[in-house]
Amino acid sequence: MAVLNRHYRRYDFEDDLEKALNRVDFFRIFHTMALRYGFEHFGVLQLMNEHETSALATRLVLHDLPAGLAETYDKRHRLNDSALFRSFYKSTISTVWQASDHAHNGSSAEGADFIDQIGFDMALSIPVHSVAGTRYIVLFLGDGGDIGRTEHLEICYEANCAFDYFHRQVLANKAGMGLTPRETEILRWISYGKTASEIALIVSVSEHTVNSHTATILKKLDVVNRTQMVAKAIREQIIQ
């Protein structure tokens with residue numbers, strides 16, 4: 001990776017960021033960051049359409065949550081109903097969430113109480129974005145007390161630095177998932193709700209060829225149907 005302008009300050013973990021090459025490296029960086037500031041876990045979530053019903057497990061692009069926790073949450077609750085989720089689309093300010101605050105201000109009446117339902121006492125959500133403008137949230141979860149002003153500012157800056165490297169080194173490099181230009185074109189038409197026969201007319205190929213390309217796309221994206229295919233393509237930024 002090319003070294004960034006030296007005016008950027010990565011502080012204590014600059015060497016770790018420069019050496020990070022893959023998901024395992026960034027997993028270690030975010031996990032260490034969480035522990036350093038008194039949290040137990042982290043998650044990096046990609047934001048999509050506010051009104052699209054989606055699961056926590058499908059939004060997570062990197063996390064160290066206990067195995068099965070996100071899936072269990074999704075079986076019992078709707079992420080879209082939580083006050084935390086709605087806040088992502090109202091403001092880009094980092095926010096501290098505590099179980100005691102929800103109990104006092106009655107926000108549970110407005111929607112599902114995310115931190116209570118997922119089983120933690122405190123959450124810190126930090127909005128971040130890629131250079132292309134795609135929005136994400138770095139979420140830290142734990143059972144500790146409140147976080148001080150200095151620590152809050154530090155972890156927000158470090159999370160932004162780590163995410164910038166993570167996106168450029170890992171997420172951006174995944175774009176395409178090995179799809180050919182024609183496969184990407186067909187995938188885009190599928191996302192618009194077009195049938196195989198309609199796509200065949202649009203791109204001037206046979207319906208059999210469209211179905212053949214669709215089967216290949218399903219295999220490359222490791223999904224089993226068109227719905228999963230489109231959802232994953234959007235999540236991986238293959239299509240918008």
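Note that the numbering runs from 1 along the sequence shown for the chain.
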**Message:** Taking the cut-offs as 6.0 angstrom to the six-membered ring centre and 45 degrees off its axis, would you call R168 and Y165 a cation-pi pair?
**Reply:**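 R168 over Y165 ring: yes.
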Cluster question for you: counting only ILVMFWY and a side-chain heavy-atom cut-off of under 4.5 Å, with indirect links fine, are [X] and [Y] together?
{"X": "V128", "Y": "F27", "answer": "yes"}
{"X": "L179", "Y": "V203", "answer": "yes"}
{"X": "Y192", "Y": "L201", "answer": "no"}
{"X": "L84", "Y": "L60", "answer": "yes"}
{"X": "I147", "Y": "L153", "answer": "no"}

For the atom pair [atom1] ([X]) and [atom2] ([Y]), what is the distance rounded to the nearest 0.5 Å?
{"X": "D25", "Y": "Q169", "atom1": "CG", "atom2": "CD", "value": "8.5 Å"}
{"X": "E183", "Y": "H213", "atom1": "CD", "atom2": "NE2", "value": "6.5 Å"}
{"X": "D16", "Y": "C161", "atom1": "CG", "atom2": "SG", "value": "12.5 Å"}
{"X": "E207", "Y": "T214", "atom1": "CD", "atom2": "OG1", "value": "10.0 Å"}
{"X": "H63", "Y": "H31", "atom1": "NE2", "atom2": "NE2", "value": "13.5 Å"}
{"X": "L69", "Y": "L141", "atom1": "CG", "atom2": "CG", "value": "8.5 Å"}

Testing the basics here: between [X] and [Y], what is the closest heavy-atom pair and its distance to 0.1 Å?
{"X": "I126", "Y": "C156", "result": "CD1-CA, 3.8 Å"}
{"X": "I137", "Y": "P127", "result": "CD1-CA, 3.6 Å"}
{"X": "G119", "Y": "D143", "result": "O-OD1, 4.1 Å"}
{"X": "I118", "Y": "L56", "result": "CD1-CD2, 3.8 Å"}
{"X": "A162", "Y": "M33", "result": "CB-CE, 3.8 Å"}
{"X": "D121", "Y": "I115", "result": "O-CD1, 3.8 Å"}

Any side-chain heavy-atom pair of [X] and [Y] under 4.5 Å:
{"X": "L47", "Y": "Y136", "result": "no"}
{"X": "K220", "Y": "T180", "result": "yes"}
{"X": "E154", "Y": "Y37", "result": "yes"}
{"X": "F85", "Y": "R78", "result": "no"}
{"X": "L124", "Y": "H152", "result": "yes"}
{"X": "M229", "Y": "N225", "result": "no"}
{"X": "D146", "Y": "Q98", "result": "yes"}
{"X": "V138", "Y": "F42", "result": "no"}

**Request:** Check salt bridge (charged side-chain N to carboxylate O under 4.0 Å, His left out) between R226 and all other residues, then give those that pass, not counting sequence neighbours.
**Result:** none
**Message:** Tell me whether the rings of F39 and F140 are parallel (<30°), tilted (30 to 60°) or perpendicular (>60°).
**Reply:** tilted
**Request:** Check the angle between the aromatic planes of F166 and F163 and answer parallel, tilted or perpendicular using the 30° and 60° thresholds.
**Result:**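 Answer is perpendicular, since the angle exceeds 60°.
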**Message:** One pair to check against side-chain contact (heavy atoms from CB on, under 4.5 Å): H167 and V131. What are the steps and the verdict?
**Reply:** CA-CA 9 Å; H167 187 276; V131 293; 5.5 Å; no
**Request:** Before giving the answer on side-chain contact (heavy atoms from CB on, under 4.5 Å), spell out for T95 and W97 the whole-Å C-alpha distance, their side-chain angles and the decisive distance to 0.1 Å.
**Result:** CA-CA 6 Å; T95 305; W97 299 81; 3.3 Å; yes
**Asked** Who pairs with T195 by side-chain contact (heavy atoms from CB on, under 4.5 Å), at least two apart in sequence or on another chain?
**Response** S197, E198
**Asked** Does a donor on one side chain sit under 3.5 Å from an acceptor on the other, for T209 and S212?
**Response**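 T209 vs S212: no donor-acceptor pair found between side chains.
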**Message:** Between R182 and E185, does any side-chain N to carboxylate O distance fall below 4.0 Å?
**Reply:** yes
With no hydrogens and no angle check, is any side-chain donor or acceptor of [X] less than 3.5 Å from a backbone partner on [Y]?
{"X": "S91", "Y": "S87", "result": "no"}
{"X": "R23", "Y": "V170", "result": "no"}
{"X": "T32", "Y": "R28", "result": "yes"}
{"X": "S125", "Y": "A123", "result": "no"}
{"X": "D74", "Y": "A57", "result": "yes"}
{"X": "K232", "Y": "L221", "result": "yes"}
{"X": "H129", "Y": "T134", "result": "no"}

**Message:** Between F30 and V44, does the side-chain contact (heavy atoms from CB on, under 4.5 Å) criterion hold? Intermediate values first, please.
**Reply:** CA-CA 9 Å; F30 279 109; V44 180; 4.3 Å; yes
**Message:** With side-chain contact (heavy atoms from CB on, under 4.5 Å) as the criterion, how do I29 and L17 come out once you've worked through the C-alpha distance, each side chain's angles and the decisive distance to 0.1 Å?
**Reply:** CA-CA 8 Å; I29 287 172; L17 290 176; 3.8 Å; yes
